J.: 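Structure below; questions to follow.
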Amino acid sequence: MKSAVLSAMVLLMLAISCAPQKKIEVVTLPVASDPTISIRLWFKVGSQNDPAGKEGLAALTAEMIADASTQKHSYEQILEKLYPMAAGYSAQVDKEMTVIMGRVHKDNLDAYYDLFVHAVLEPAFREDDFARLKSQQLNYLERTLRYQDDEELGKEALSQFIFQGTPYAHPVAGLIESVKSITLDDVRAFYRKYYTRDNVVVGVGGSFDKRFVSRLCKDLARLPAGVQEQPAPPKPEPIQGLQVLLIEKDTEST
């Protein structure tokens, strides 16, 4: 009797461990005449997912993936390897999404892919990269946005005015004091929470073959499982009548 129960438990455990994983959603655009291959990884996470007091965390986490060291290569080594390929990869963060994107000539795909996939799966989260990228983000908020880009400053002010009280209100790059408060542990935790295989949609275009798409999906399946509940859609207060928003700029740049 005990043997039968034990056998049943073993079979149940095997069934659970062998249960098929949810397939990663893939969108393809084959163009045989294009000598390049483009990759887009859309993660369903954006600045609306920034914790209160840590506004800018989604943006900084994305940069720590796309513009920093991996566990296999330092940032400097990555730049050296990408240069002769005339290729690169980057991150784009919006209110609701983050896209890790790259493009390379098909002749360099294997060497490039090794760098790209390690950036997504095995970011190193080194202190020196964190300090560099956090400084860049603060410089954008304190200098570029405030003094050098009136159009973007106006857009951000209008967005804050319209979406006040919602997760859409703050700039994607965050708020100065919030970015200052972000730690490397915050980045690690945000990555573990949102960069999962259940939270990504893959896009591939150009002169790729099916084997490459299968390889990419197989590698991304190494990401942890997990689906996070998203914030409710913002419901800004309706604007009544004509309202004017005035922005007073400090002319001092230091």
Side-chain angles (χ1 to χ4, degrees), residues 25 27 40-67 90-101 133-183 185-203 226-253:
E25 185 176 349
V27 179
R40 299 288 188 274
L41 303 182
W42 166 32
F43 288 92
K44 301 170 188 176
V45 58
S47 62
Q48 68 169 350
N49 301 99
D50 289 336
K54 300 289 183 178
E55 289 84 358
L57 179 56
L60 188 50
T61 302
E63 289 303 315
M64 286 292 288
I65 295 170
D67 196 27
S90 60
Q92 182 177 351
V93 182
D94 208 328
K95 301 294 187 184
E96 298 181 354
M97 65 182 71
T98 296
V99 180
I100 309 297
M101 64 190 78
L133 293 170
K134 183 175 178 178
S135 176
Q136 289 178 7
Q137 196 160 323
L138 284 170
N139 184 67
Y140 170 77
L141 291 169
E142 294 174 330
R143 298 285 182 261
T144 304
L145 184 61
R146 183 178 293 182
Y147 299 110
Q148 300 176 26
D149 198 332
D150 290 346
E151 181 179 354
E152 284 302 314
L153 180 62
K155 289 179 182 178
E156 293 293 356
L158 181 61
S159 181
Q160 189 171 32
F161 175 72
I162 294 173
F163 293 106
Q164 185 175 6
T166 77
Y168 272 43
H170 65 274
V172 170
L175 305 172
I176 293 173
E177 292 306 316
S178 297
V179 173
K180 287 181 179 179
S181 75
I182 294 173
T183 67
D185 284 339
D186 292 329
V187 171
R188 291 191 182 102
F190 196 86
Y191 171 81
R192 288 194 300 267
K193 183 175 183 179
Y194 291 105
Y195 285 80
T196 68
R197 61 174 178 263
D198 301 310
N199 207 34
V200 65
V201 176
V202 175
V227 178
Q228 298 299 325
E229 185 177 351
Q230 295 296 332
K235 296 181 179 179
E237 293 293 329
I239 297 176
Q240 304 293 338
L242 178 64
Q243 297 191 34
V244 178
L245 177 64
L246 298 177
I247 303 173
E248 183 178 354
K249 287 184 60 177
D250 182 357
T251 57
E252 296 293 331
S253 60

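None of these values were measured; they are calculated from a predicted model. All heavy atoms count here, side chains included; hydrogens, waters and symmetry mates do not.
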J.: Distance-only criterion, 3.5 Å: show the donor-acceptor pairs between side-chain atoms of residues 54-61 and protein atoms not counting sequence neighbours.
T.:
| unit_1 | atom_1 | unit_2 | atom_2 | d |
| --- | --- | --- | --- | --- |
| Lys54 | NZ | Ser181 | O | 2.6 |
| Lys54 | NZ | Asp186 | OD2 | 2.9 |
| Glu55 | OE1 | Gly53 | N | 3.2 |
| Glu55 | OE1 | Ser178 | OG | 2.7 |
| Glu55 | OE2 | Gly53 | N | 3.4 |
| Thr61 | OG1 | Leu57 | O | 2.8 |

J.: Is there side-chain contact between Ser159 and Lys95, with heavy atoms separated by less than 4.5 Å?
T.: yes
J.: How would you list, by chain and number, every residue that makes a ring-ring contact (aromatic ring centres under 6.0 Å, His included) with Tyr195, sequence neighbours excluded?
T.: Phe43, Tyr191
J.: Please lay out, stage by stage, how Gln228 and Lys193 fare under the test side-chain contact (heavy atoms from CB on, under 4.5 Å).
T.: CA-CA 8 Å; Gln228 298 299 325; Lys193 183 175 183 179; 3.3 Å; yes
J.: Applying side-chain hydrogen bond (donor to acceptor under 3.5 Å, both in side chains), can you list everything that pairs with Glu96, at least two apart in sequence or on another chain?
T.: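 Residues passing side-chain hydrogen bond (donor to acceptor under 3.5 Å, both in side chains) with Glu96: Tyr168.
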J.: Are any of the side-chain heavy atoms of Lys235 and Pro233 separated by less than 4.5 Å?
T.: no
J.: Please find the pair of heavy atoms, one from Ile247 and one from Gly154, that lie closest to each other, and give the distance.
T.: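 Residues Ile247 and Gly154, closest heavy atoms: CD1-CA, 3.9 Å.
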J.: To the closest 0.5 Å, what do you measure between CG (Leu175) and CG (Leu138)?
T.: 11.0 Å
J.: Pairs in or reaching into residues 155-176: which pass salt bridge (charged side-chain N to carboxylate O under 4.0 Å, His left out), with residues at least two apart or in two chains?
T.: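 For residues 155-176: Glu151-Lys155, Glu152-Lys155.
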J.: Is there side-chain contact between Ile176 and Glu142, with at least one heavy-atom pair below 4.5 Å?
T.: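 When only atoms from C-beta onward are counted, Glu142 and Ile176 do touch, with a gap below 4.5 Å.
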J.: Mind checking whether Asn139 and Gln136 have side chains closer than 4.5 Å, heavy atoms only?
T.: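 Not touching, per the 4.5 Å side-chain cut-off.
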J.: On a heavy-atom basis, which atom in Gly174 and which in Leu141 lie closest, and how many Å separate them?
T.: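 Distance-wise, the nearest heavy atoms are O-CD2, 3.4 Å.
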J.: Has Asn199 got a side-chain atom pairing as donor or acceptor with Val227's backbone, closer than 3.5 angstrom?
T.: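 Not at all, since once roles are kept as given, no pair shorter than 3.5 Å links the two residues.
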J.: Looking only at heavy atoms, which two atoms of Glu63 and Ala91 are closest? And how far apart?
T.: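 Heavy atoms only, the tightest pair is OE2-O, 4.0 Å.
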J.: What is the distance from atom OG1 of Thr183 to atom CZ of Arg188, rounded to the nearest 0.5 Å?
T.: 8.5 Å
J.: Between Glu25 and Val202, does a side-chain contact (heavy atoms from CB on, under 4.5 Å) hold up when you go through it step by step?
T.: CA-CA 6 Å; Glu25 185 176 349; Val202 175; over 6 Å; no
J.: Could you check whether any side-chain N or O of Asp149 sits under 3.5 Å from a backbone N or O of Thr144, counting only pairs where one atom can act as donor and the other as acceptor?
T.: no
J.: Please confirm whether the backbone N or O of Ala173 pairs with a side-chain atom of Gln137, one donor and one acceptor, at under 3.5 Å?
T.: yes
J.: Within this structure, what is the CG-CZ distance for the pair Asp185 and Phe190, rounded to the nearest 0.5 Å?
T.: 15.0 Å
J.: Considering non-hydrogen atoms only, spot the tightest contact between Thr196 and Gly226 and give its length.
T.: OG1-O, 2.6 Å
J.: Main chain of Val172, side chain of Ser47: is a donor-acceptor contact present, judged purely on distance under 3.5 Å?
T.: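 Absent.
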J.: Take a 6.0 Å sphere around CD of Gln243 and say whether it holds more than 12 heavy atoms from other residues, nucleotides or ligands.
T.: yes
J.: Are side-chain N/O atoms of Gln230 and Asn49 paired as donor and acceptor at under 3.5 Å?
T.: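 Per modelled atom types, Gln230 and Asn49 side chains form a pair under 3.5 Å.
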J.: Could you work out, with side-chain hydrogen bond (donor to acceptor under 3.5 Å, both in side chains) as the rule, every residue matching Gln160, not counting sequence neighbours?
T.: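 In terms of side-chain hydrogen bond (donor to acceptor under 3.5 Å, both in side chains), with neighbours along the sequence ignored, Gln160 is linked to no residue.
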J.: Yes or no on side-chain contact (heavy atoms from CB on, under 4.5 Å) for Leu41 and Val99, after CA distance, side-chain angles and deciding distance?
T.: CA-CA 5 Å; Leu41 303 182; Val99 180; over 6 Å; no
J.: Mind checking what makes side-chain hydrogen bond (donor to acceptor under 3.5 Å, both in side chains) contact with Arg192, not counting sequence neighbours?
T.: none
J.: Could you measure the distance from the OG1 atom of Thr98 to the CD atom of Gln92? Nearest 0.5 Å is fine.
T.: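 Reported value, rounded in 0.5 Å steps: 9.5 Å.
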J.: Step by step, work out the side-chain contact (heavy atoms from CB on, under 4.5 Å) result for Val179 and Lys134.
T.: CA-CA 7 Å; Val179 173; Lys134 183 175 178 178; 4.2 Å; yes
J.: Between Leu153 and Arg146, is there a side-chain heavy-atom distance shorter than 4.5 Å?
T.: no
